[in-house]
Amino acid sequence: MKLKVSHLNFSYDDVEALEDVSLDVESTQILGIIGPNGSGKTTLLKCINRKLRPRYGTILIDTKNISNFSRKEIARNIGVVPQVSSISFSFLVSDIVSMGRYAYLSRFGRETEKDLSAVKSSLELTGTAHLSNRFINEISGGEYQRVIIARALAQESKILLLDEPTLHLDINHQIEILELVRSLARKRNLAVIMVLHDLNLSARFADRLLLLNKGRVYKAGSVEEVLQPENIEKVFRIKVKIIRDTETNILSVLPVSVMKG
Ligand code: ADP
């Protein structure tokens, strides 16, 4: 399965937020989206998910154009983990994950065996089964994020979009969540697009990267190709050193100084 986005343009009234953005991602792959604040990362995810309607551009899942898909068809194809928005109502964790089945329920439909088993396996895969009878507003940030991922998995879509899934988490939970996403991509054959503000985490967990600058693709390619000092300097206006750890072979970005002017 392949998701292919071509020549996407989007404006909020007079603010041009995306211009000629193209990308593709296949099953089991993680495409990391990086770029400074306001570069269009969230807007891009919302256009792919059809929350926003692009002015131009096409989005294909294999050969199917999704522009006329209903909300339910979108939900069967694309699962979303939105940027942290805390749910302050006291829903049970199991109810939150069941909401992922919305795309399969008929108007007055009751949950079927298949719905229940999708919820159960999503809870198990994300290590949240033991939380099912807890209230969503009474669990930790890391647990919360795993529950929201479980809700997206319950949709049984083949594409997963995540918007800064590690925001506000401490480092051990950041790694835990990203390891979970990576293992789900491989186990469930998911094509994953993930916005990450942390360049070091993007280097470690993305298979490929897309660097946005002012709504345009500045550079797309392998982690090595995108995380070149000149790309980061130009887009983030910061001098950096890119260091490869000889033991793990992981790249990291060391900020050196902010550029003037
Ligand atoms: P990022 O996720 O990279 O921080 P966004 O996609 O949120 O960037 O924003 C891209 C651009 O669109 C920015 O200039 C931002 O100010 C603008 N923008 C985002 N949301 C809205 C909105 N609801 N109305 C008007 N402008 C918006």
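Both ligands and their constituent atoms are indexed starting at 1 by order of listing. Only heavy atoms go into these numbers, but all of them, side chains included; no hydrogens, no water, no symmetry mates.
Side-chain atoms of Ser39 do not come within 3.5 Å of backbone N or O of Asn213 as any donor-acceptor pair. Of the possible polar contacts, none joining the Lys239 side chain to the Pro229 backbone as a donor-acceptor pair under 3.5 Å is found.
Note that OG1 of Thr63 and NZ of Lys4 are 13.0 Å apart. Values are rounded to the nearest 0.5 Å. Note that CD of Glu156 and CG of Asp115 are 8.5 Å apart. Values are rounded to the nearest 0.5 Å.
Those atoms of ligand 1 with a heavy atom of Ser39 less than 4.0 angstrom away are 1 (P), 3 (O), 8 (O). Taking every heavy atom of Asn37 and a limit of under 4.0 angstrom, the matching atoms of ligand 1 come to 4 (O). Heavy-atom contacts of Pro36 reach the following atoms of ligand 1: 3 (O) (cutoff under 4.0 Å). With ligand atoms numbered from 1 in the order given, ligand 1 contributes 12 (O) to contacts under 4.0 Å with heavy atoms of Ala17.
Residue, atom and distance of the protein heavy atom nearest to atom 24 (N) of ligand 1 are Tyr12 CD2, 3.5 Å. Looking at atom 10 (C) of ligand 1, its nearest protein heavy atom turns out to be Gly38 O, 3.5 Å. In this structure, the protein non-hydrogen atom closest to atom 6 (O) of ligand 1 is Thr43 OG1, 2.5 Å. The shortest contact between atom 7 (O) of ligand 1 and any protein heavy atom is with Thr42 CB, 3.9 Å. Here the heavy atom of the protein found nearest to atom 3 (O) of ligand 1 is Lys41 NZ, 2.8 Å.
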Next item on the list: Go through the steps to decide whether Arg76 and Gln155 satisfy the test side chain to side chain donor-acceptor pair (under 3.5 Å), and finish with yes or no.
Entry: CA-CA 6 Å; Arg76 280 185 226 128; Gln155 285 174 230; over 6 Å; no
Check: Does the salt bridge (charged side-chain N to carboxylate O under 4.0 Å, His left out) test come out yes or no for Arg244 and Glu224, once each step is laid out?
Finding: CA-CA 10 Å; Arg244 186 181 290 282; Glu224 289 74 10; 3.2 Å; yes
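Under a 4.0 angstrom heavy-atom cut-off, Gly215 registers as lying outside contact with ligand 1. Under a 4.0 Å heavy-atom criterion, Gly40 is in contact with ligand 1.
Taking 4.0 Å as the cut-off between side-chain N and carboxylate O, Asp24 and Arg208 count as a salt-bridged pair.
For the pair Phe10/Arg55, no side-chain contact is recorded, criterion being any heavy-atom separation below 4.5 Å from C-beta on.
Within a 4.0 Å radius of atom 15 (C) of ligand 1, the protein contributes no heavy atom.
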